[in-house]
Amino acid sequence: MIFVGNDWAEDHHDVYVMDQAGEKLAAKRLGEGIEGIRAFHALLGTHAEDPTQVRVGIETDRGLWVNALVAAGYLVHAINPRATARYRDRHHVGGAKSDAGDAKMLADLVRTDAHNHRLVAGDSAQVEGVKVLARAHQNLIWSRARETNRLRSALREYYPAALVAFEDLDDRDALTVLGRAPDPETGARLTLSQITAALRAGGRRRYLEATAERIQHALCTEQLAAPLPVVQSYAASTKALVGLLAAFNTQIEDLETQLNQSFEQHPDADIYLSLPGLSDILGARVLGELGDDPERFADAKSRRNYAGTSPITKASGKKKIVLARYIRNKRLYDAIDQWAFCSLSTSPGARAYYDERRAADYEHHEALRALGNRWIGILHGCLKHRTPYDEHTAWAHRHPAAA
């Protein structure tokens, strides 16, 4: 075996190669892209006959470079940057750091501690596509929420009647009316027919008259007024934000359609959708973050640890405490938290499990985290045995009398 440390940057890679005794075989800075990966293969070809004789340590598990290394057959270990920093301090307490030095340190790490670090998962290209779409969809939702908060803050400064008229500022009703009346004076002059026409143009089909009357009443409410130049400036800002939010809504809907199609075409989709509380969107997020490599998780505990739902124990001497696992995949944990909440109304077993935790003085989110941890174990079993979810199989053992 030979061991390679690969410290990457945006436009180059520092590579250090050593043998099993830790002796230096080669060290070189390579460029990014095809030429760089060709030079990488040529460098290692002089020291190894087979790619499975090469272990590579690198501080990322994604990207074109990592994909090329995995495709070539190298054993690639994705090293968490936090672990790298601790390992660096283990050997050098002076605080010195360089790219070349980090490459040597990564080579040493996979030479001595490879068994403590996971190989890059062999997920399919299909699930990687689901992951890209799910993250892009979620990013747009987060961006829309930030812009909505900016709009709310602006309206509070000069147009509080709009906040009374519209509960959800990113809703189509709010955007169509504010687009036509971005200032209080224009809003107060809107007739019932104008508001109705705006709502119809925005896509509303039901309760048109009642909704228009409520909006008109709110916009005509007497309010404190800002100076005219301030109002005009805020109105221009509001109009821009309204256009931006409308574009966000369109792109989110388009991405959601693509995400649903991509997810439903995956072989594991039927198993995910059989679980209570998992829709196409949540199912796609969970699938994308967990991946579909059947060898990635040795058991349900490993999957729970990766999801961040299982607790951690700190014990020293007579002291022992159990804490939530806060170093985790935040996107995955967020999806599981929503999944656990949604399952309360669709799974009697999940509801009973949650109620038991609440009766044991668990806070709401603690009980949801425990339920999410349970769902990850159930999902692992379904995927392992390639069977859809069954309510009786999942929960009957916890309530044998009722069963």
Ignoring hydrogens and angles, state whether a donor on the side chain of [X] or [Y] is under 3.5 Å from an acceptor on the partner side chain.
X      : Y      : answer
Thr112 : Tyr87  : yes
Arg156 : Ser153 : no
Ser347 : Glu391 : yes
Tyr272 : His266 : no
Arg331 : Asn139 : yes
Gln338 : Asp334 : yes
Ser302 : Asn305 : no
Asn249 : Arg144 : yes
Arg180 : Gln194 : no
Arg29  : His13  : no
Trp375 : Ser343 : yes

Is [X] salt-bridged to [Y], cutoff N-O under 4.0 Å?
X      : Y      : value
Asp355 : Arg351 : yes
Lys384 : Asp299 : no
Asp7   : Lys104 : no
Arg369 : Asp337 : no
Arg358 : Glu366 : no
Asp123 : Lys131 : no

In terms of heavy-atom contacts, does [atom1] of [X] have more than 12 from other residues, nucleotides or ligands at under 6.0 Å?
X      : atom1 : value
Trp8   : CH2   : no
Arg62  : CZ    : no
Ile321 : CD1   : yes
Leu64  : CG    : no
His12  : NE2   : yes
His217 : NE2   : no

| Pairs meeting criterion ring pair (Phe, Tyr, Trp, His ring centres under 6.0 Å) with involvement of residues 288-309, two or more places apart | Phe297-Tyr306
Minimum heavy-atom separation for [X] to [Y], with atom names?
X      : Y      : value
Ser262 : Val130 : OG-CG2, 3.3 Å
Asp183 : Ala235 : CB-CB, 4.1 Å
Ala181 : Leu190 : CB-CD1, 3.6 Å
Ile271 : Cys382 : CG2-CB, 3.7 Å
Ala226 : Val231 : O-CG2, 3.5 Å
Met18  : Leu25  : C-CD1, 3.9 Å

| Would Tyr354 and His364 count as a side-chain contact (heavy atoms from CB on, under 4.5 Å) if you check the C-alpha gap in whole Å, the side-chain angles of each, and the deciding distance to 0.1 Å? | CA-CA 9 Å; Tyr354 171 85; His364 170 67; 2.7 Å; yes
Check whether any side-chain heavy atom of [X] sits under 4.5 Å from a side-chain heavy atom of [Y], and report yes or no.
X      : Y      : value
His117 : Leu109 : yes
Val110 : Val56  : no
His137 : Glu256 : yes
Arg205 : Arg200 : yes
Gln216 : Cys220 : yes
Trp395 : Asp390 : no
Thr211 : Asp173 : yes
Val242 : Lys239 : no

Once you round to the nearest 0.5 Å, how far does [atom1] of [X] lie from [atom2] of [Y]?
X      : Y      : atom1 : atom2 : answer
Thr84  : Glu59  : OG1   : CD    : 3.5 Å
Leu275 : Ile378 : CG    : CD1   : 7.5 Å
Glu10  : Glu32  : CD    : CD    : 9.0 Å
Gln138 : Leu259 : CD    : CG    : 10.5 Å
Arg328 : Ile336 : CZ    : CD1   : 10.0 Å
Tyr158 : Gln223 : OH    : CD    : 10.0 Å

| task | Check step by step if side-chain contact (heavy atoms from CB on, under 4.5 Å) holds for Leu151 and Leu244. | result | CA-CA 10 Å; Leu151 177 59; Leu244 188 60; over 6 Å; no
| query | Taking the six-membered ring of Phe3, is the NZ or CZ of Arg111 close enough (under 6.0 Å from the centre) and on axis enough (within 45°)? | reply | no
| Do Arg357 and Tyr353 meet the cation-pi criteria used here (NZ or CZ under 6.0 Å from the six-membered ring centre, within 45° of the axis)? | yes
| task | Might you work through the side chain to side chain donor-acceptor pair (under 3.5 Å) test for Thr257 and Asp254, ending with a clear yes or no? | result | CA-CA 5 Å; Thr257 300; Asp254 290 346; 5.6 Å; no
| What residue among Leu69, Asp14, Val76 forms side-chain contact (heavy atoms from CB on, under 4.5 Å) with Asn6? | Leu69
| task | Determine, step by step, whether Ile376 and Trp339 satisfy the side-chain contact (heavy atoms from CB on, under 4.5 Å) criterion, reporting the C-alpha distance in whole Å, the side-chain angles of both residues, the deciding distance to 0.1 Å, and the verdict. | result | CA-CA 10 Å; Ile376 289 295; Trp339 171 17; 4.2 Å; yes
| task | For the pair Gln53 (side chain) and His47 (backbone), establish whether a donor and an acceptor sit closer than 3.5 Å, ignoring hydrogens and angles. | result | no
| message | Test your reading of the model: is there a side-chain donor-acceptor pair from Asp168 to the backbone of Asp170, 3.5 Å cut-off? | response | no
| query | What do the steps show when you test Ile58 against Trp65 for side-chain contact (heavy atoms from CB on, under 4.5 Å), and what is the final call? | reply | CA-CA 10 Å; Ile58 188 170; Trp65 185 273; 4.1 Å; yes
| said: I'd like to know whether His77 forms a side chain to side chain donor-acceptor pair (under 3.5 Å) with Arg118, so could you lay out the CA-CA distance, the side-chain angles of the two residues, the decisive distance to 0.1 Å, and finally the verdict. | reply: CA-CA 6 Å; His77 294 266; Arg118 65 181 178 87; over 6 Å; no
| query | Between His365 and Phe341, does a ring pair (Phe, Tyr, Trp, His ring centres under 6.0 Å) hold up when you go through it step by step? | reply | CA-CA 9 Å; His365 284 292; Phe341 180 76; 9.0 Å; no
